[in-house]
Amino acid sequence: MSAGAALRRTPLWGAHRRLGAKLVEFGGWEMPVSYRGIVDEHRAVRTAAGLFDVSHMGEIEVSGSEAGAVCQTLTTNDIGRLVDGQVQYTLLCRPDGGVVDDVTLYRRGPERYFFCVNASNAAKDLDWIRAHARGATITDRSNATALLALQGPRAAAILARLTPAPLAGLRSFRFIDDRVAGYATLISRTGYTGEDGFELYVAAADAERLWSALLDAGGDDGLEPIGLGARDTLRLEAALPLYGHELDDTTTPLAAGLARFVALVGDDFLGRAALLGERQAGSPRRLVGLELRAPGIARQGYAVLDGGVTIGRVTSGTHAPTLGRAIALAYVEPSHATPGAALAVEIRGRAVAVAVVPTPFYKRSQRR
Amino acid sequence: MSIPESLRYSEEHEWVAVAGAVATIGITDYAQEELGDIVFVELPAVGAALQRSQPLGVVESVKAVSDVYAPVAGTVIEVNDALADHPEIINEDPYGKGWMVRVTLADPHEVDGLMTAQQYGEFIAKEKA
């Protein structure tokens, strides 16, 4: 595939080539979409473990005595509940409540935070954060930082072989700095698959050696490299939103069902007044899960119908490998958002029956 | 990647096997490989008239939806019903059990305009470059 503008490459590009990955353009980056096949990779993460290169994501540090106040102004969640070594899923919103990006916010210390942001939004986010920085120092660490995600039921056992870090005591949405395979790594118990797992921030220069050390250490457990294709089917089964699909500048976190990450009571933040208004008036649309009742795949942009009338729009849809069914997320009018509602999706001119179902579509059994 | 000598090929990556006035149509090994795991196939009804280069059906993989074009004109006399429940057969055996439709050719000479195996091999080498 030839491309106009030069695509960016992560420090692991060469490793992906050697593994025979199928590479595609994603958010301006040349990334592996699959190695062995999306469905096989998906199953590996659900049953064993998978290793993802997500180094295309951005890391933006906010430091200085104003750092906490600046992060609170920028984000919808309550950073007052964030302690050192803790991560928070949160959103950057515009004054009108529209989503600039959905991000994770790490608190390294009372005057030192960093955001992990979507690759496709990294430049926009950096501008946005700088525009609201007041006295805080904003540092873009994206180029110097690689990010590997180790996900799946075997992830903790594999990682434990390579690090002295006390992983058993590392709870979900907590992080710790330690060595992994000898390389200084920020180990974060987070992920985007619906499984237990870790996200490992490491210096770009160490990324390829850490990648290889992990694949070697996990081979007997069934660890394998996973591309963005399975990352998408995994996150969709877990009903985790993806910017550009469920979220964008014109959608709000409340309509997207993310109210638990919006602290309307408490300190002010960008978008708070608009979101308070939306909560009082009710969101004009709501994100719901759909399950197809007849063969077909509902893709982004397809109309959701009730009795032939368009009442919504699909944001993401796929065949869910773990469930063996076709699923989708869609924005619909609130009156059609109740689980059990019988609707249809228009697929190439045909109305295919769907039902509104509770999300997530897939929830792992608790092992820990 | 397999490109059987006995078949003819279109630029949209369909293959055609001709036996008298009947042609069997499917998608190539290269096409299934590019699509990845196929999860849904939509085929025409028996009796449907296919126009050359018009969509005859749809193949959906986990990552994408892709039209399948009629490489030749004709009337559908049989469709591969096994694909409805097991679309992954196309990934496993694109030139055999993964066939899609059989048609009676409107013009048996139309097949001569399609690529040979060697031409198709060169065509995809160029497309990949």
Side-chain angles (χ1 to χ4, degrees), chain A residues 1-3 20-26 31-45 226-237 242 245 292 294-302 314 316-328 345-350 352, chain B residues 1-2 11-13 27-45 48 50-51 54-70 79-94 98 100-101 123-129:
Chain A
M1 235 155 277
S2 57
K22 196 172 288 178
L23 298 167
V24 298
E25 190 274 338
F26 180 83
M31 297 298 292
V33 67
S34 67
Y35 302 82
R36 196 159 66 91
I38 293 173
V39 171
D40 286 341
E41 291 168 29
H42 181 108
R43 295 207 170 105
V45 175
I226 312 294
L228 294 185
R231 184 169 166 83
D232 192 50
T233 54
L234 289 159
R235 71 93 192 167
L236 197 44
E237 282 187 344
L242 174 61
H245 288 255
L292 276 72
I297 310 283
R299 305 277 181 185
Q300 183 176 30
Y302 288 9
V314 173
S316 295
T318 194
H319 169 83
T322 312
L323 311 170
R325 290 192 292 272
I327 56 170
V345 169
E346 186 180 340
I347 302 180
R348 293 181 290 277
R350 222 157 28 90
V352 174
Chain B
M1 182 190 338
S2 150
E11 294 189 354
E12 286 82 30
H13 308 288
I27 66 169
T28 66
D29 191 24
Y30 175 78
Q32 71 79 17
E33 177 72 36
E34 284 296 300
L35 282 164
D37 298 300
I38 293 170
V39 293
F40 178 69
V41 180
E42 203 171 271
L43 296 175
L50 303 182
Q51 304 296 317
Q54 295 301 306
L56 79 80
V58 170
V59 176
E60 297 211 34
S61 67
V62 173
K63 67 181 180 203
V65 49
S66 179
D67 284 321
V68 178
Y69 296 93
V79 301
N80 187 353
D81 292 327
L83 299 179
D85 287 334
H86 295 285
E88 70 279 4
I89 295 171
I90 296 175
N91 293 118
E92 292 156 6
D93 190 7
M100 298 174 80
V101 295
F123 175 76
I124 55 182
K126 220 178 289 171
E127 195 165 81
K128 276 162 88 174

Expected list for residues 227-234 of chain A: side-chain donor-acceptor pairs under 3.5 angstrom, two or more places apart:
from   : atom 1 : to     : atom 2 : distance (Å)
A:D232 : OD1    : A:R235 : NE     : 2.9
A:D232 : OD1    : A:R235 : NH2    : 3.1
A:T233 : OG1    : A:H42  : ND1    : 2.8
A:T233 : OG1    : A:A230 : O      : 3.1

Distance-only donor-acceptor pairs under 3.5 Å for side chains of residues 81-91 of chain B, two or more places apart:
from  : atom 1 : to    : atom 2 : distance (Å)
B:H86 : ND1    : B:E88 : OE2    : 3.0
B:N91 : OD1    : B:I38 : N      : 2.8
B:N91 : ND2    : B:Q32 : OE1    : 2.9
B:N91 : ND2    : B:G36 : O      : 3.0

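From A:L242, atom CG reaches atom CG of A:L236 across 9.0 Å, with rounding to the nearest 0.5 Å.
Contact count against chain B (heavy-atom pairs under 4.5 Å) is highest for A:G296 among A:G296, A:S34, A:G37.
No part of A:R36 comes within reach of chain B, as not one of its non-hydrogen atoms sits under 4.5 angstrom from that chain. Looking at B:V41, neither its backbone nor its side chain comes within 4.5 Å of chain A, counting heavy atoms on both sides.
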Test salt bridge (Lys or Arg N to Asp or Glu O under 4.0 Å) applied to A:K22 and A:E41, step by step: CA-CA 13 Å; A:K22 196 172 288 178; A:E41 291 168 29; over 6 Å; no
